[in-house]
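Notes follow the structure.
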Protein chains: 2
Amino acid sequence: MNSLKQMDRGALSDALDHSGQRTTPQRETVFSVLLDERDHPTADEVYTRTKSRMPTISMATVYNCLETLVSCGLVKQVNIEREPTRYCPNLAPHAHFHCRDTGRVYDVPVPPDMMHELAEVLPGEYRADSVELVFRGHLAKGKTK
Amino acid sequence: MNSLKQMDRGALSDALDHSGQRTTPQRETVFSVLLDERDHPTADEVYTRTKSRMPTISMATVYNCLETLVSCGLVKQVNIEREPTRYCPNLAPHAHFHCRDTGRVYDVPVPPDMMHELAEVLPGEYRADSVELVFRGHLAKGKTK
DNA sequence: AATTTGACTTAGAATAATTCTAAACGATCT
DNA sequence: AGATCGTTTAGAATTATTCTAAGTCAAATT
Ligand SMILES: [Mn+2]
Ligand SMILES: [Mn+2]
Ligand SMILES: [Zn+2]
Ligand SMILES: [Zn+2]
């Protein structure tokens with residue numbers, strides 16, 4: 001038994017069904033790992049966390065599950081500089097803040113009007129279907145949040 | 001003889017001096033390659049282009065030169081998804097547009113006020129020293145520019 | 001109920017961009 | 001000339017990710 005809430009379980013099987021893929025224990029567990037601690041873990045970190053709930057899972061399967069979750073739209077990949085890809089289940093429009101001191105990545109909500117304004121910097125012939133906004137710097141004080 | 005204009009040659013040696021590094025023929029040539037065709041080439045593409053002007057240069061040196069140029073602030077790395085790092089000598093604040101069809105990367109000027117507005121989406125404790133903005137999509141019509 | 005099917009999982013090999021290592025180079029200084 | 005020291009170089013090493021090929025499992029079909 002993984003720790004998916006009924007709502008999330010429903011979203012998962014809907015999204016998987018919709019993209020013609022199956023709901024499996026491995027996919028449920030990986031998804032629950034992402035939902036439980038929203039700190040943008042790497043595949044390796046997801047592997048460690050998932051293994052503690054499902055000791056037989058393999059790294060390849062974790063990569064497969066993450067790819068599946070991304071392909072069905074439940075999870076976003078977050079690439080920052082040349083670091084390992086991180087995974088984010090936050091579907092709301094948001095930016096990321098990357099702390100140079102700790103390496104941690106935080107979600108930063110972006111108001112919808114800002115998204116609209118952003119789109120307007122694009123010349124007419126450019127048709128964007130996604131926008132990626134990453135801030136880098138550090139947190140004031142010892143705030144770890 | 002590489003194709004650096006006097007202005008760019010000056011900027012290069014100033015920036016290198018300032019960061020305690022030497023002006024070398026390899027660094028000049030790599031820099032001129034970046035300035036001559038501003039299409040955000042990968043290290044491999046920079047290698048090919050540089051080799052045609054300086055046949056004895058090695059891949060390792062191209063990586064070294066690019067790193068040097070980045071470290072002294074004359075060139076920015078552009079990382080898009082998991083693709084090889086690209087290099088951009090445009091020092092003006094700008095965003096990037098990545099065409100899903102062709103894989104090409106274009107510069108998109110961003111007005112300074114937009115940069116300011118962007119900074120305001122950050123909660124107070126976040127101190128950003130850099131902002132990265134990438135659009136993905138495609139170009140309308142057969143425009144290749 | 002047995003068989004077939006096909007997606008899924010798995011271990012391990014392969015890939016590929018980048019970094020590292022250690023030796024050679026070369027300009028400058030003594 | 002000889003010493004110094006940053007730079008260049010070829011090739012090895014690293015490492016996140018992808019690929020391969022074999023095993024698993026739960027329907028679906030017979
Ligand atoms: Mn910090
Ligand atoms: Mn296009
Ligand atoms: Zn996020
Ligand atoms: Zn650019």
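Just so it is clear, the values below take in all heavy atoms, side chains as well, and ignore hydrogens, waters and symmetry mates. In the text below, chain A, chain B and the rest are named by the order of the sequence lines, each starting its count at 1.
- Defined by atom type and a distance below 3.5 Å, a donor-acceptor pair is present between the side-chain atoms of A/R82 and B/N79.
- The pair A/E132-B/R136 does not count as a salt bridge, with every side-chain nitrogen at least 4.0 angstrom from each carboxylate oxygen.
- Atoms OH (B/Y87) and P (C/dA17) sit 12 Å apart, rounded to a whole Å.
- Within 4.0 Å of A/T42, counting heavy atoms only, lies no atom of the nucleic acid at all.
- Counting non-hydrogen atoms under 4.0 angstrom, B/D44 reaches nothing in the nucleic acid.
- For A/R82 and C/dT19, the CZ to C1' distance is 12 Å, given to the nearest whole Å.
- With B/H18 contributing its side chain and B/L16 its backbone, the two residues share no donor-acceptor pair below 3.5 Å.
- Comparing A/T85 and B/A60 along DNA chain D, the residue whose closest nucleotide (by nearest heavy atom) sits nearer the 5' end is B/A60.
- Shown here are the salt bridge (Lys or Arg N to Asp or Glu O under 4.0 Å) partners of B/R86, two or more places apart in sequence or in another chain: B/E83.
- In this entry the distance linking CE of A/M54 with P of C/dC8 reads 15 Å, nearest Å.
- By the salt bridge (Lys or Arg N to Asp or Glu O under 4.0 Å) test, A/R53 pairs with A/D36, sequence neighbours left out.
- Scanning residues 24-36 of chain A for heavy-atom distances under 4.0 Å to DNA chain C yields A/T24, A/Q26, A/R27.
- Going from atom OH of B/Y63 over to atom P of C/dT18 covers 4 Å, rounded to whole Å.
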Practice task
Report the C-alpha distance between A/T61 and A/S58 in whole Å, list the side-chain angles of each, state the deciding distance to 0.1 Å, and finish with yes or no for side chain to side chain donor-acceptor pair (under 3.5 Å).
Solution key: CA-CA 5 Å; A/T61 298; A/S58 71; 3.0 Å; yes

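- In this structure, A/M7 stands alone, with no Ile, Leu, Val, Met, Phe, Trp or Tyr side-chain heavy atom under 4.5 Å from its own, directly or through other members.
- B/H96 and B/H94 form a side-chain donor-acceptor contact under 3.5 Å, judged by distance and modelled atom types alone.
- Put simply, CD on A/E83 is 15 Å from C1' on C/dT19, counting in whole angstrom units.
- At whole-Å resolution of the value, CG in B/N64 and P in C/dT19 are 10 Å apart.
- Across the protein-nucleic acid pair, B/M59 atom CE and C/dA16 atom P stand 14 Å apart, rounded to whole Å.
- Of all nucleotides in DNA chain D having an atom under 4.0 Å from a heavy atom of chain B, the first and last in 5' to 3' order are D/dG6 to D/dT17.
- Residues satisfying the ring pair (Phe, Tyr, Trp, His ring centres under 6.0 Å) test with B/F135, not counting sequence neighbours, are none.
- Rounded to an integer number of Å, the gap from CG of B/L66 to P of C/dT18 is 10 Å.
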